[in-house]
2 protein chains.
Amino acid sequence: MSLPKLLLVEDDPALAELLEFRFKGEGYDVTVTDDGDEALILVAEILPDLIILDWMIEGTSGIEVCRRLRRNKETANIPIVMLTARGAEDDKIRGLETGADDYLTKPFSPRELLARVAAVLRRVRPALAGESISVGDLVLDPTAHRVERRGQRLSLGPTEYRLLKFLMEHPGRVFSRNQLLDAVWGNGSEIEERTVDVHIRRLRKGIELTGTNDPIRTVRSAGYSLEPA
Amino acid sequence: MSLPKLLLVEDDPALAELLEFRFKGEGYDVTVTDDGDEALILVAEILPDLIILDWMIEGTSGIEVCRRLRRNKETANIPIVMLTARGAEDDKIRGLETGADDYLTKPFSPRELLARVAAVLRRVRPALAGESISVGDLVLDPTAHRVERRGQRLSLGPTEYRLLKFLMEHPGRVFSRNQLLDAVWGNGSEIEERTVDVHIRRLRKGIELTGTNDPIRTVRSAGYSLEPA
DNA sequence: CACAATTATTGCAGATATGCGACACAATGG
DNA sequence: CCATTGTGTCGCATATCTGCAATAATTGTG
């Protein structure tokens, strides 16, 4: 999962630099180019999660870049936000109809662009837009029901999954076995306290990768917690 | 597949009528209300494919409606386009951050709204916009009612087709058997949960080609999902 | 160090969930 | 009307999970 990758295609150097700075500050992995043809190459290379595309650029025009990306199966699903100095309504319509997901007219506020990019990403890749929980090198995506560690996919049983999810929702905090039983198994479960130990062990085994530390901390006579960092 | 269902929440009668007319002309099934509380009821009732929401309305305010819809699991994924007379940047940001998918400031041209609604729908429900969906090596063309894998045409029964279409509209996401029953069979179907298994198996068989992996993932105790990419 | 308390590990039997084939019946289209 | 195809349920086989208890290992304490 890691950082959302953005490709910024913009030939106004001042604007490009400003946007690059702002987006990097928000935790995006940004690549910049000012040329349409180069953009097409870069897209194939880095497969960004979203493209910000100026209409008027060197080489192949923005709208043509958009059209070509949409035609290619590999890139057809990458969301595109178009920027333009032209305020003409027809351009907007044309941009949106060509397959752009959003369209901003210059001058626009960087904050609005940030918000629109986030909105599009939230829709397209919920896992990237902070809907997934991330603790240390663990990433859990609830909608996909998927857990990764260092980019590697883990397979956990149902209870281990729920247990890990709960711990990741409250990293660093220590929970007694009873608290875990209530939270993970449901209130009033008639289950032996010691059974939690067993599932903790299964979870540890499930998230274990060679060369990694055990992020689950045992707190003697208190319970367990998941190390935040 | 029918028509895309729209809920228009707008309390300026003139604007509401104009938009209703335009959208109906474009082939949408439009429901109109001018009241926030009524909007919430209508949403639950008709489960529209997209909501156009004015910020300033009677009853519960637009942004509050948006917030509530996002909180409810049933309605959290319905796209929302917000309209407002207020041009303030902070409002835009706030609207987008609350979960709106797009945001227009009055006055706007109906054509632009049309184009933006189409763009959002294309992204969220490509099938409604008549676009073909492609996930991994699967391609589904809703207008031709046809499914291909690696260029090879598959033949699926009606239910398998609808099931695959739904899964392809939300790749990667895990759905419980009940969610699939609601989505594919229709709300309140009186069908055995385990029947979903059977259709999943039929679907798997239907999309199976020698030398391909099974893209349908079983998530024990949770449901099924279609692997993206 | 010896001892008690606490936690880790393991194997296992019972419980659950899913896959699979079969079947009766409904719907569909000549 | 018949043949064909699709649909919803069962029941059983299989894979996986779960909770427990017995045993080993660890930690803390005087």
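Lettering follows sequence order; numbering is per chain, from 1. These numbers come from a predicted model, not from an experiment.
No donor-acceptor pair under 3.5 Å is formed between the side chain of A/R149 and the backbone N or O of A/D137. Although no hydrogens or angles enter the test, the distance criterion places no donor-acceptor pair under 3.5 Å between the side chain of B/E38 and the main chain of B/D35. B/D141 places a side-chain N or O within donor-acceptor distance of the main-chain N or O of B/T143, the cut-off being under 3.5 Å. A distance-only check finds no donor-acceptor pair linking the side chain of A/R204 to the backbone of A/D214 [under 3.5 Å]. Formation of a donor-acceptor pair under 3.5 Å by the B/K165 side chain with backbone atoms of B/P142 is not found in this model.
An OP1 or OP2 oxygen of D/dG19 is reached within less than 4.0 angstrom by a side-chain nitrogen or oxygen of A/W185. For the pair B/S221 and C/dA17, the criterion of a side-chain N or O lying under 4.0 Å from OP1 or OP2 is not met. Of the side-chain N and O atoms in A/Y161, none sit less than 4.0 angstrom from OP1 or OP2 of D/dT16. Remark: A/R177 is not in phosphate contact with C/dT6, judged by side-chain N or O atoms under 4.0 Å from OP1 or OP2.
Per the geometry, CD belonging to B/E160 stands 14 Å off P belonging to D/dT5, to the nearest Å. Rounded to whole angstrom, the span from the CG atom of B/L181 across to the C1' atom of D/dG8 amounts to 11 Å. Residue B/I191 contributes atom CD1, which lies 16 Å from atom C1' of D/dC10 at whole-angstrom precision. Atoms CG (B/L163) and C1' (D/dG6) sit 14 Å apart, rounded to a whole Å. One can place NE2 of B/H199 at 6 Å from C1' of D/dG8, the figure rounded to the nearest angstrom. Distance CD (B/E190) to C1' (D/dT9): 15 Å, rounded to an integer number of Å. Atom C1' of nucleotide D/dC17 and atom CG of A/L156 are separated by 13 Å, given to the nearest angstrom. Look at CZ on B/F175: it is 16 Å from P on C/dT18, rounded to the nearest Å.
The two residues B/L96 and A/R122 make their nearest non-hydrogen contact at O-NH2, 2.8 Å. Among all heavy-atom pairs drawn from B/P48 and B/L6, the shortest one is CB-C, 4.3 Å.
Among the atoms of the strands shown, only primed sugar atoms or phosphate atoms (P, OP1, OP2) are found under 4.0 Å from some heavy atom of A/V219. Residue contacts for A/E193: at a heavy-atom cut-off of 4.0 Å it reaches no nucleic acid atom on any strand shown.
Taking every side-chain heavy atom of B/R202 into account, D/dG8 is the closest of D/dC17, D/dG8, C/dG19. Picking from C/dA8, C/dG21, D/dG8 the nucleotide with the shortest atom distance to the side chain of B/R201 gives C/dG21. The B/R194 side chain lies nearest to C/dG19 when the options are C/dA22, C/dT9, C/dG19.
Using a 4.0 Å cutoff on non-hydrogen atoms, no part of residues 206-218 of chain A comes near DNA chain D.
Each of A/V198 and A/G157 was assigned the nucleotide of DNA chain D with the nearest heavy atom; the assignment lying further toward the 5' end belongs to A/G157. Nearest-nucleotide positions on DNA chain C place A/D197 closer to the 5' end than the other of B/G223 and A/D197.
No side-chain donor-acceptor contact under 3.5 Å links B/Y103 and A/R116.
Counting distance only, with no hydrogens placed and no angle test, the side-chain atoms of A/R220 and the base atoms of D/dT27 include a donor-acceptor pair under 3.5 Å.
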